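Quick caveat, the model's predicted, so the values are computed rather than measured. Worth knowing before you read on, the calculation uses all heavy atoms, side chains too, and leaves out hydrogens, waters and symmetry mates.
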Amino acid sequence: MPIPGAGAQYEMIPEIRAKELKDLDMSKKTPRHAAVTLLCYPKGTEMYVVLIERPTYEGVHSGQVALPGGKVELEDAGYLEAALRETFEEVGVTPSAVEVLRDMTKTYIPPSNFWVHPFLGYTSTTPVFVPQEDEVAAILEVPLNDLLTDDNVFFEITSTSYAKEVEVPAFRLNGYKVWGATAMMLNELKVFLKAIIQP
């Protein structure tokens with residue numbers, strides 16, 4: 001199936017940021033590259049996706065909820081290898097246990113100047129997660145049904161790196177506010193799964 005693309009991602013950002021991204025001239029940027037995994041797995045009778053909470057540090061993504069992943073290193077053969085390596089390092093799921101279903105839409109993050117390349121993966125057994133102490137403050141196991149429920153989307157007035165007192169859409173998952181690039185990638189997954197479940 002075709003993926004929903006940037007349109008689905010832009011549903012989870014303020015209009016001002018969506019316009020900024022659409023008008024952005026990437027030829028004038030020299031972005032770095034990162035890769036993440038949208039890792040789905042069974043637990044009991046439900047399907048889940050794993051997220052992580054970043055620790056508090058001096059940086060633009062301090063304390064935020066994210067997908068497991070990170071910067072592409074020189075030794076990585078490509079974006080996929082980087083996503084699986086970082087997922088193993090951050091949450092302890094070995095690359096060989098992950099069936100990669102497809103790549104999703106890459107996402108540009110202006111505050112940190114990264115292109116993020118997401119991959120949809122699946123493991124058939126419930127993982128035993130091992131958080132990387134320096135990179136992961138908490139592991140969030142989110143039922144996919146919670147992601148698919150529209151009631152878990154809310155709007156909050158907040159100040160961001162690009163605007164003050166702007167209304168920002170977010171997911172409420174496991175008691176956490178999930179917004180920004182992570183919410184964008186999760187919303188593409190949400191729209192993609194809904195198209196499969198409710199064609």
Given side-chain contact (heavy atoms from CB on, under 4.5 Å), test L144 with E46 step by step and report yes or no. CA-CA 8 Å; L144 280 180; E46 290 194 69; over 6 Å; no
E167 side, atom CD; I16 side, atom CD1 - distance, nearest 0.5 Å: 13.0 Å
Only residue of N174, L38, L186 satisfying side-chain contact (heavy atoms from CB on, under 4.5 Å) with L51 is L186
Within the side chain of N152, is there an N or O that forms a donor-acceptor pair under 3.5 Å with the backbone of D146? yes
Check the pair H117, W115 against side-chain contact (heavy atoms from CB on, under 4.5 Å), reporting the backbone distance first and the verdict last. CA-CA 7 Å; H117 303 263; W115 269 121; 3.9 Å; yes
Side-chain heavy atoms nearer than 4.5 Å, only ILVMFWY residues, links allowed to pass through others: does that put L173 and L189 together? yes
Once rounded to the nearest 0.5 Å, what's the spacing between atom CG of L147 and atom CG of L193? 7.5 Å
In the single-linkage hydrophobic clustering (I, L, V, M, F, W, Y; side-chain heavy atoms under 4.5 Å), do I52 and V128 co-cluster? no
From CA spacing to verdict: salt bridge (Lys or Arg N to Asp or Glu O under 4.0 Å), K190, E11: CA-CA 11 Å; K190 173 182 177 177; E11 292 176 4; over 6 Å; no
Give the C-alpha distance, both sets of side-chain angles, the deciding distance and a yes or no for side-chain contact (heavy atoms from CB on, under 4.5 Å) between R85 and D76. CA-CA 8 Å; R85 174 186 57 76; D76 293 320; 2.8 Å; yes
Find the distance between CZ (R172) and CZ (F154) and round it off to the nearest 0.5 Å. 4.5 Å
Can a donor-acceptor pair be found, under 3.5 Å and without considering hydrogens, that links the side chain of E81 to the backbone of A77? yes
Kindly determine whether E15 and Y10 satisfy side-chain contact (heavy atoms from CB on, under 4.5 Å), including the steps that lead there. CA-CA 8 Å; E15 185 177 340; Y10 289 176; over 6 Å; no
Does a side chain donor of either D151 or T149 reach within less than 3.5 Å of an acceptor in the other side chain? no
Could you tell me whether the side chain of N187 and the main chain of M12 form a donor-acceptor pair under 3.5 Å? no
Answer yes or no: is there a side-chain heavy-atom contact under 4.5 Å between V168 and F155? no
Under 3.5 Å, is there a donor-acceptor pair between the side chain of T182 and the main chain of V65? yes
Quick check for you: to the nearest 0.5 Å, what is the distance between T37 atom OG1 and M185 atom CE? 10.5 Å
Gap separating the CG atom of L80 from the CZ atom of F119, nearest 0.5 angstrom: 5.0 Å
Does a donor on one side chain sit under 3.5 Å from an acceptor on the other, for Q9 and T105? no
According to a 4.5 Å side-chain heavy-atom criterion applied to Ile, Leu, Val, Met, Phe, Trp and Tyr, with indirect links allowed, do I109 and V72 form part of one hydrophobic cluster? no
Between R102 (side chain) and M1 (backbone), is there a donor-acceptor pair under 3.5 Å? yes
Before you tell me yes or no, could you show the steps for H33 and F114 under ring pair (Phe, Tyr, Trp, His ring centres under 6.0 Å), namely the whole-Å CA-CA distance, both residues' side-chain angles and the distance that decides it to 0.1 Å? CA-CA 5 Å; H33 292 268; F114 266 104; 8.3 Å; no
One should read off an interatomic distance between Q132 CD and F88 CZ, to the nearest 0.5 angstrom, of 10.0 Å
Would you check if T107 and L21 make a side-chain contact, meaning some heavy-atom pair closer than 4.5 Å? no
For E75, does the CD atom have more than 12 heavy-atom neighbours from other residues, nucleotides or ligands under 6.0 Å away? yes
All heavy atoms of C40 vs all of L120, minimum pair found to be SG-CD1, 4.0 Å
Between Y79 and D103, does any side-chain donor sit less than 3.5 Å from a side-chain acceptor? no
If you measure from the Lys or Arg side-chain nitrogens to the Asp or Glu carboxylate oxygens, is any gap between K194 and D150 under 4.0 Å? yes
Checking the side chain of E188 only, and the main-chain atoms of A6 only, is there a donor and an acceptor separated by less than 3.5 Å? no
ILVMFWY network linking I139 to V178, side-chain heavy atoms under 4.5 angstrom: no
According to side chain to side chain contact (heavy atoms under 4.5 Å, CB included), who are the partners of T123, at least two apart in sequence or on a separate chain? L39, Y41, A97, T125, P127
When clusters are formed by joining ILVMFWY residues with side-chain heavy atoms under 4.5 Å apart, either directly or through shared neighbours, do F171 and V191 land in the same one? no
